[in-house]
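Here is the structure we will look at.
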Amino acid sequence: MAEQVRGLSHDEIRRIEGDQPAPLGDAYRCFLALMGGGAGRFMQGTDVFYPAVIGLGQAARELLEENNVPFILAESDRVILMHQGYEFDFLRGNGRDPEVWSYREGDGPGNVPTVSFARFTDWLQAHVTEQTQAWARLVPRYEAEKRRGPGDRRLYFDRLHPDGSVTDEI
């Protein structure tokens, strides 16, 4: 079922491991074993689950090259996420719980990847927290919208402003 958490088999994890030369790291390997095949709505629309993670290293290298970014992914870097073809996250280092670096097209000084989290587990916790909060806001609105008649429904979303305030937009 699509709404359930799905871990990966040893063979699926080995396929991911063989896709890029960098080590998996224990924390990332655990993530793959527990939920590497998907987790319902968690990180929906982002290439972070198997089989979509296959080929991300090459896709990230191509994105850097297309944007003439003066940064080269090392053999020890493992790309773990790509979103909409314009941003990616990767593990850097050989530790059990390595750093996570991020690159977003056209973002930041020098437009090069930067450290985003000291550890993979910090990265994962931040995504869980962010998405839990987002779904807590969205589900009641979605359910209320479903109760409206077809002619009464409207499309809307929240806009989060840099000062932290939120406004409804239509």
Side-chain angles (χ1 to χ4, degrees), residues 1-67 69 71-105 107 113-143 145-146 157-158 160:
M1 174 180 246
E3 296 299 314
Q4 294 181 346
V5 174
R6 186 177 89 73
L8 297 178
S9 69
H10 292 291
D11 288 340
E12 290 168 323
I13 293 172
R14 269 193 298 254
R15 184 161 180 230
I16 292 169
E17 190 170 27
D19 181 57
Q20 298 178 50
L24 289 181
D26 293 344
Y28 183 58
R29 185 181 298 277
C30 184
F31 165 81
L32 294 172
L34 294 174
M35 62 188 288
R41 291 184 178 113
F42 181 65
M43 299 187 86
Q44 196 171 38
T46 299
D47 295 335
V48 67
F49 298 113
Y50 179 83
V53 295
I54 302 296
L56 291 186
Q58 182 60 36
R61 284 175 177 79
E62 289 170 6
L63 180 61
L64 292 171
E65 187 177 315
E66 287 169 16
N67 288 291
V69 175
F71 181 92
I72 297 173
L73 288 167
E75 291 289 310
S76 59
D77 294 337
R78 175 170 290 275
V79 180
I80 59 169
L81 172 149
M82 183 165 276
H83 184 72
Q84 303 295 316
Y86 71 91
E87 67 180 287
F88 65 88
D89 291 346
F90 63 96
L91 302 177
R92 176 156 265 194
N94 295 322
R96 298 181 69 201
D97 196 3
E99 289 180 333
V100 178
W101 287 50
S102 300
Y103 172 77
R104 178 180 287 185
E105 192 172 43
D107 198 22
T114 57
V115 177
S116 52
F117 293 93
R119 300 179 309 197
F120 171 77
T121 52
D122 295 337
W123 173 91
L124 183 58
Q125 180 62 55
H127 282 284
V128 168
T129 299
E130 174 190 50
Q131 296 217 347
T132 300
Q133 292 170 352
W135 283 107
R137 285 190 325 269
L138 293 173
V139 169
R141 289 180 174 187
Y142 173 72
E143 294 299 326
E145 196 67 17
K146 283 192 333 188
F157 60 93
D158 283 345
L160 178 62

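In this text, all values refer to a predicted model and were calculated from it rather than measured experimentally.
Residue Arg92 places its CZ atom among more than 12 non-hydrogen atoms of other residues, nucleotides or ligands, all under 6.0 Å distant.
Separating the SG atom in Cys30 from the CG atom in Leu24 is a distance of 12.0 Å, to the nearest 0.5 Å. To the nearest 0.5 Å, the span separating NE2 on His127 from OG1 on Thr132 amounts to 12.0 Å. Put simply, CG on Asp26 and CZ on Phe120 are 11.5 Å apart, with the number rounded to the nearest 0.5 Å. Atom CG in Leu34 sits 9.5 Å away from atom CG in Leu8 (nearest 0.5 Å). Once rounded to the nearest 0.5 Å, the distance linking CD of Glu65 with CD1 of Ile72 reads 10.0 Å. Annotation: the span from His10 atom NE2 to Leu32 atom CG amounts to 12.0 Å, rounded to 0.5 Å.
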Just do the side chain to side chain contact (heavy atoms under 4.5 Å, CB included) check on Phe49 and Arg6 with the steps written out, would you?
-> CA-CA 10 Å; Phe49 298 113; Arg6 186 177 89 73; over 6 Å; no

After noting the C-alpha distance and the side-chain angles of Asp77 and Leu91, does the key distance pass the side chain to side chain contact (heavy atoms under 4.5 Å, CB included) rule?
-> CA-CA 6 Å; Asp77 294 337; Leu91 302 177; over 6 Å; no

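No side-chain donor from either of Asp89 and Trp101 sits under 3.5 Å from a side-chain acceptor of the other. Gln133 and Thr129 share no side-chain donor-acceptor pair at under 3.5 Å.
In this structure, Leu56 and Phe88 have side chains that are not in contact, with every pair of non-hydrogen atoms separated by 4.5 Å or more. Looking only at side-chain heavy atoms (C-beta outward), Leu64 and Arg61 stay at 4.5 Å or farther from each other. Looking at heavy atoms from C-beta onward, Phe117 lies out of side-chain contact with Glu99 at the 4.5 angstrom threshold. Using a 4.5 Å heavy-atom cutoff, the side chains of Arg15 and Tyr50 are in contact. Looking only at side-chain heavy atoms (C-beta outward), Leu81 and Asp47 stay at 4.5 Å or farther from each other. Inter-residue side-chain proximity for Ile16 and Ile54 is flagged as met; some heavy-atom pair is nearer than 4.5 Å. In this structure, the side chains of Leu63 and Glu87 stay at 4.5 Å or more apart for every pair of heavy atoms. Side-chain contact between Tyr28 and Asp97 is absent, with no heavy atoms from C-beta onward closer than 4.5 Å.
Taking the six-membered ring where tryptophan is involved, the planes of Phe71 and Phe90 are tilted, since the angle between them lies from 30° to 60°.
Under a 3.5 Å cut-off, the side chain of Ser76 and the backbone N or O of Ala22 do not form any donor-acceptor pair. The backbone N or O of Ser9 lies less than 3.5 Å from a partner atom in the side chain of Glu12, making a donor-acceptor pair.
Scanning all heavy atoms of the two residues, the minimum distance from Met43 to Gln131 falls at N-OE1, 2.7 Å. The two residues Asp19 and Gly55 make their nearest non-hydrogen contact at OD2-N, 2.8 Å. Across Ser102 and Ser116, no two heavy atoms sit closer than the pair OG-OG, 2.8 Å. Between Val79 and Gly57, the shortest heavy-atom distance links the atoms CG2-CA, 3.8 Å.
Between Arg119 and Asp122, at least one side-chain nitrogen of the basic residue sits less than 4.0 Å from a carboxylate oxygen of the acidic one, meeting the salt-bridge criterion.
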